[in-house]
Amino acid sequence: MKKGNPFLHKIETEEELRSMMGTPSELVKRKAISYLDQNCVEFISNSPFLVLSTSDESGFCDVSPRGDHAGFVQVLSKKYLLIPERPGNKRMDSLRNILTNPRIGLLFMIPGLGETMRVNGKATVVKDHELFEEMAVNGKKPLIGIGVEVEECFIHCAKAFIRSGLWKPDSWPDQTQLPSPAKMLLEHTKLPHATRESIQSSLEESYSKRLY
């Protein structure tokens, strides 16, 4: 790998960007709406996975996955939805960001469907426990959630999924050739007395006993 910044030729204006990449079609220009219609509700109700984008007050960005049974995100109205916050590693990057900068972006996915749905808006960390009743799993309700006020939502095309073959099992790599999360954690954290085996055991215990 090269040392130093490898980017020598930068685009710095939208005019230059447009001159190279072109302009959107009328279909693309008109596809964004400012509320959740029945089409959006149906999409969210079938989605078991989303990625959530936030940034702090300085603009430092973060993206985080959220997943559960299909429809785990509650649509409360045409303008509001609620994401349950399940047990995690307690870094709470997204939640801490929301406390200082409410802007949020969501990307909903449905397995096997190339198109995704993007939702942008303002978020709040909420503790309205009466809203969590229907979000209980194995008798455990979330302690808090992420409330989102919808400002923009639209369908995103399937080109990235087609190019990547993400939903095609025959294109997936051999499991034995995949990177080892336990090895990465061991080498990144450099914890004394930790081993690859002990970290792998801890991960497996967390996945089997602390999902909810």
Side-chain angles (χ1 to χ4, degrees), residues 1-7 10-14 16-17 21 32-36 40 43-44 47-68 72-109 116-129 131-132 135 140-156 160 164 166 179 181-182 184-191 194 199 202-203 206-207 210-212:
M1 291 187 288
K2 295 180 179 180
K3 294 182 178 180
N5 190 334
F7 308 117
K10 303 175 184 178
I11 294 174
E12 298 182 347
T13 67
E14 182 175 343
E16 183 182 3
L17 181 63
M21 304 300 292
I33 59 176
S34 61
Y35 61 95
L36 300 171
C40 297
F43 198 107
I44 293 172
S47 173
F49 186 82
L50 64 88
V51 290
L52 182 155
S53 176
T54 59
S55 62
D56 64 17
E57 70 275 15
S58 300
F60 188 85
C61 295
D62 181 74
V63 64
S64 177
R66 294 291 189 277
D68 217 315
F72 73 102
V73 174
Q74 276 193 17
V75 177
L76 303 178
S77 71
K78 290 185 176 182
K79 292 294 290 185
Y80 291 93
L81 54 80
L82 179 62
I83 306 167
E85 187 65 17
R86 305 297 187 186
N89 59 17
K90 297 182 173 60
R91 276 182 56 111
M92 299 185 291
D93 299 283
S94 301
L95 301 177
R96 290 186 293 110
N97 284 348
I98 290 169
L99 293 178
T100 58
N101 180 358
R103 310 311 306 185
I104 193 170
L106 307 174
L107 183 68
F108 288 91
M109 303 179 194
T116 54
M117 192 174 78
R118 290 167 59 175
V119 176
N120 300 314
K122 293 184 289 189
T124 309
V125 180
V126 299
K127 54 180 182 179
D128 300 87
H129 296 292
L131 296 178
F132 301 148
M135 294 182 159
K140 297 181 179 180
K141 294 187 297 184
L143 297 176
I144 59 176
I146 299 173
V148 179
E149 180 182 357
V150 175
E151 295 180 332
E152 181 182 48
C153 49
F154 55 92
I155 288 293
H156 191 103
S164 66
L166 187 65
M184 294 173 67
L185 285 167
L186 178 66
E187 295 181 3
H188 290 178
T189 62
K190 297 180 172 59
L191 288 173
I199 292 177
S202 177
L203 289 174
S206 175
Y207 300 154
R210 297 197 298 277
L211 284 181
Y212 297 98

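Judged as a ring pair (Phe, Tyr, Trp, His ring centres under 6.0 Å), and not counting sequence neighbours, the contacts of H129 are F132.
Between the side chain of K79 and the backbone N or O of E149, no donor-acceptor pair lies under 3.5 Å. Between the R66 side chain and the P84 main chain, no donor and acceptor come within less than 3.5 Å of each other. The main-chain N or O of G59 is found under 3.5 Å from a side-chain atom of D56 such that the two form a donor-acceptor pair. Distance alone, capped at 3.5 Å, places no donor-acceptor pair between the K78 side chain and the S34 backbone. Within the 3.5 Å criterion, the main-chain N or O of L166 finds a donor-acceptor partner in the side chain of S164. Side-chain N or O atoms of S58 include none that pairs as donor or acceptor with a backbone N or O of F60 at under 3.5 Å. S206 places no side-chain N or O within donor-acceptor distance of the main-chain N or O of S202, the cut-off being under 3.5 Å. When atom types are taken as modelled, the side chain of D68 and the backbone of F72 share no donor-acceptor pair closer than 3.5 angstrom.
Side-chain contact check for T116 and R118: no donor-acceptor pair (N or O, by modelled atom type) lies under 3.5 Å. Side-chain polar atoms of N97 and S55 form no donor-acceptor pair below 3.5 angstrom.
In Y80, the OH atom is not crowded: 12 or fewer heavy atoms of neighbouring residues, nucleotides or ligands sit closer than 6.0 Å. Residue L143 places its CG atom among 12 or fewer non-hydrogen atoms of other residues, nucleotides or ligands, all under 6.0 Å distant.
Separation of atoms CD (E57) and CZ (R96) is listed at 10.0 Å; rounding is to 0.5 Å. The CG atom of L82 sits 11.0 Å away from the CD1 atom of I144 when rounded to the nearest 0.5 Å. Taken to the nearest 0.5 Å, the CG atom of D93 stands 7.5 Å off from the OG atom of S64. Once rounded to the nearest 0.5 Å, the distance linking CD1 of I44 with CZ of F108 reads 4.0 Å.
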Please test L95 against I146 for side-chain contact (heavy atoms from CB on, under 4.5 Å), starting from the C-alpha separation and ending with a verdict. CA-CA 8 Å; L95 301 177; I146 299 173; 3.7 Å; yes

side-chain contact (heavy atoms from CB on, under 4.5 Å) between V63 and L52: does it pass, once the steps are laid out? CA-CA 5 Å; V63 64; L52 182 155; over 6 Å; no

May I have the step-by-step check of salt bridge (Lys or Arg N to Asp or Glu O under 4.0 Å) for R103 and E151, ending in yes or no? CA-CA 10 Å; R103 310 311 306 185; E151 295 180 332; 2.2 Å; yes

Worked check of side-chain contact (heavy atoms from CB on, under 4.5 Å) between V126 and L131: CA-CA 10 Å; V126 299; L131 296 178; 5.6 Å; no

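Nearest heavy-atom pair, S77 versus L36, reported as atom, atom and distance to 0.1 Å: O-CD1, 3.9 Å. M109 and S47 make their closest contact through O-OG, 2.7 Å (heavy atoms, listed as atom of the first residue, atom of the second, distance). Closest approach of A123 to I98, counting heavy atoms only: O-CG2, 3.5 Å. Nearest heavy atoms, S94 versus T54: CA-OG1, 3.7 Å. Nearest heavy-atom pair across A194 and L186 is O-CD1, 3.6 Å. When all heavy atoms of I33 and C40 are compared, the pair lying nearest together is CD1-SG, 4.2 Å.
Annotation: side chain of V125 is in contact with side chain of L99 (closest heavy-atom distance under 4.5 Å). Side-chain contact between V148 and L106: present, with at least one pair of heavy atoms (C-beta onward) separated by less than 4.5 Å. Looking at P142 and R86, their side chains come closer than 4.5 Å, going by heavy atoms from C-beta outward. Using a 4.5 Å heavy-atom cutoff, the side chains of L203 and L185 are in contact.
M135 pairs with exactly one of K140, Q74, K141 by the side chain to side chain contact (heavy atoms under 4.5 Å, CB included) rule, that one being Q74.
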